[in-house]
Student: 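One structure, pasted below without further comment.
Chain letters run A, B, ... following the sequence lines, proteins first, then strands; residues in each count from 1.
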Amino acid sequence: MRHLLSIDDLDADDLHRLLELTDHMMEISSRPIPKVPALRGKNVVSLFFEDSTRTRTSFDTAAKRLSADTMNFSVSSSSVSKGESLRDTIETIAAMGVDAFVVRHRSSGAPQMITRWTNASIINAGDGWHQHPTQALLDCYTIRTGLNRRDGFDGLRIAIVGDIKHSRVARSDVQAFAALGAHVTVVAPPTLLPPSLDGWPVEVSHDLDSLLPDLDVLYLLRVQRERMEEALLPSLHEYSLLYGLTDARAARLAPHALVMHPGPMNRGVEMVADPGELSGSVILNQVTNGVAVRMAVLFWLLGSGTDLTEAP
Amino acid sequence: MLSADDVRRALTRIAHEVVERNHGVEGLAIVGLQRGGVWLAQALAELLAAIDPQHEVPVGSIDVSFHRDDVGIRPIVPASVTDIAVALDGLTVVLVDDVLFTGRTVRAALEALNEYGRPRAVQLAVLVDRGHRELPIRPDFVGKNLPTAREESVIATAEGVTIR
């Protein structure tokens, strides 16, 4: 595999293999000197056309732990603001010698386009409403370790709550969780669901409260304030009353249930309770695991020589 | 080439040589190389415990995939996750592998070990030395020297050693 553009690119075996590779990366991260020489001499360029701190920092840390060289390219300080086209930007940077581009772009499909203009590996770090595959992988890894489900998610009940329509995290997570065998329910007001859920391996609910006691994982999405201006929500307060995680709702979760959030959190909107007080919160684990998962992806694309399916 | 009994005898001799060289087992740690060295490291540790039950010798295993010099050239599939529970500072580490061939895995292991501390010394024990070294690496303890052709492969298990 040369690129990671979408969870679609991976079958269940690939997912398992990447998650197993992540175990190794966690061990590396736990060492006194968390660095290995595996990707020495490889050049990894982050190309972020949209704001992000955690994803960019996470990829940067991951590349450095594998001894790759890293370069950051941000739109505000670049020629893009002088009117350079995406293609010219890519070709110019690629000419400096790049092994992988980590791309975030507001337009769905931009990373796919970029694969045509360069020989480097492309890793999608979020494109529009489309996909955010490394987020889905780190979420899978967090559930796998948090609930000790190394062999898959058969029988797990996962609810993803919030703005499904505009969420690339939801799209990627639904595919990955379902591929591993979980039973996924998306929970949202009708205005925040896509016009059609044909082909989504999910159930739909508008009633969070009835689901709570049976959940193994409650996954909260960030509610973007601009949705208010588009009149998709009457008010944040109303959203919070119906779908926010309050102390009362948290108390109705099973004791083993995990609470997850991709960040950044809106306190008082989708997250009303104090996440620090929630026994099931694994939100900071998600961040830690994110670095290891991205190390696994970088090593898979740049370091393993060929598919991991072949034994040495 | 070696029967199960031969393997057991060779290991017992190596255990005694390790004790002799290090004047006992105090300050030793055994680290097996993934994958073939892991069962050997375990077996060696049990033999050492039988020789000197007073001192417990820590046993670990190390996966060197990410330290190899052929990353990106050939498929690299990491084995089990490295498991080294003690800081190696000041200890004498006995690295254990089943078959010593080019020496490149051992080189990678030496580099990987540094990340777990600074051992006082590192010694190398192998069940089979089959020659064809590509690096200046020499074992301290050898079960059996086995002349082989480069293209042959050597399989070493507790049931014996065969060449294919």
Side-chain angles (χ1 to χ4, degrees), chain A residues 1-2 13-14 16-44 62-69 99-100 119-121 141 144-145 150 289 292 295-312, chain B residues 29 31-38 60-91 93 97-99 101-119 135 151 153-155 164:
Chain A
M1 208 173 75
R2 281 205 35 230
D13 284 346
D14 292 330
H16 280 295
R17 246 174 263 127
L18 267 170
L19 297 176
E20 275 157 29
L21 194 53
T22 305
D23 282 334
H24 290 263
M25 301 308 177
M26 287 297 285
E27 189 275 326
I28 290 172
S29 299
S30 73
R31 296 180 190 177
I33 304 169
K35 198 173 174 95
V36 292
L39 295 187
R40 241 175 342 188
K42 302 283 185 190
N43 195 8
V44 177
K64 287 185 168 127
R65 288 196 176 158
L66 294 172
S67 301
D69 296 317
D99 296 287
N119 291 324
S121 292
Y141 189 79
R144 180 181 185 263
T145 48
R150 297 181 60 86
N289 295 342
M295 289 167 75
V297 168
L298 285 168
F299 183 76
W300 197 7
L301 296 180
L302 299 182
S304 58
T306 172
D307 283 347
L308 285 173
T309 36
E310 293 171 38
Chain B
V31 175
L33 266 70
Q34 297 277 6
R35 320 183 144 82
V38 176
S61 68
I62 193 162
D63 172 58
V64 303
S65 308
F66 304 110
H67 296 270
R68 297 195 62 93
D69 56 8
D70 49 4
V71 167
I73 299 172
R74 61 171 209 158
I76 287 175
V77 185
S80 305
V81 174
T82 293
D83 173 23
I84 292 180
V86 292
L88 299 179
D89 296 294
L91 296 180
V93 174
D97 204 358
D98 50 356
V99 181
F101 185 25
T102 61
R104 287 180 192 265
T105 306
V106 173
R107 186 213 61 83
L110 289 172
E111 188 183 293
L113 273 184
N114 281 338
E115 286 168 18
Y116 298 90
R118 182 179 182 278
L135 295 170
E151 59 280 3
S153 54
V154 178
I155 321 280
R164 265 211 306 252

Student: The criterion is salt bridge (charged side-chain N to carboxylate O under 4.0 Å, His left out); which residues satisfy it with B:E115, sequence neighbours excluded?
Tutor: A:R31
Student: More than 12 heavy atoms of other residues, nucleotides or ligands under 6.0 Å from CZ of A:R2: is that the case?
Tutor: yes
Student: Nearest heavy-atom pair of B:V81 and A:D23: which atoms, and what distance?
Tutor: CG2-CB, 3.7 Å
Student: With the side chain counted from C-beta on, respond yes when A:H24 and B:S65 share a heavy-atom pair under 4.5 Å apart, and no when they do not.
Tutor: no
Student: I need the B:F66 CZ to A:E27 CD distance, nearest 0.5 Å.
Tutor: 9.0 Å
Student: Where on A:M25 is there a heavy atom nearer than 4.5 Å to chain B: the side chain, the backbone, both, or neither?
Tutor: side chain
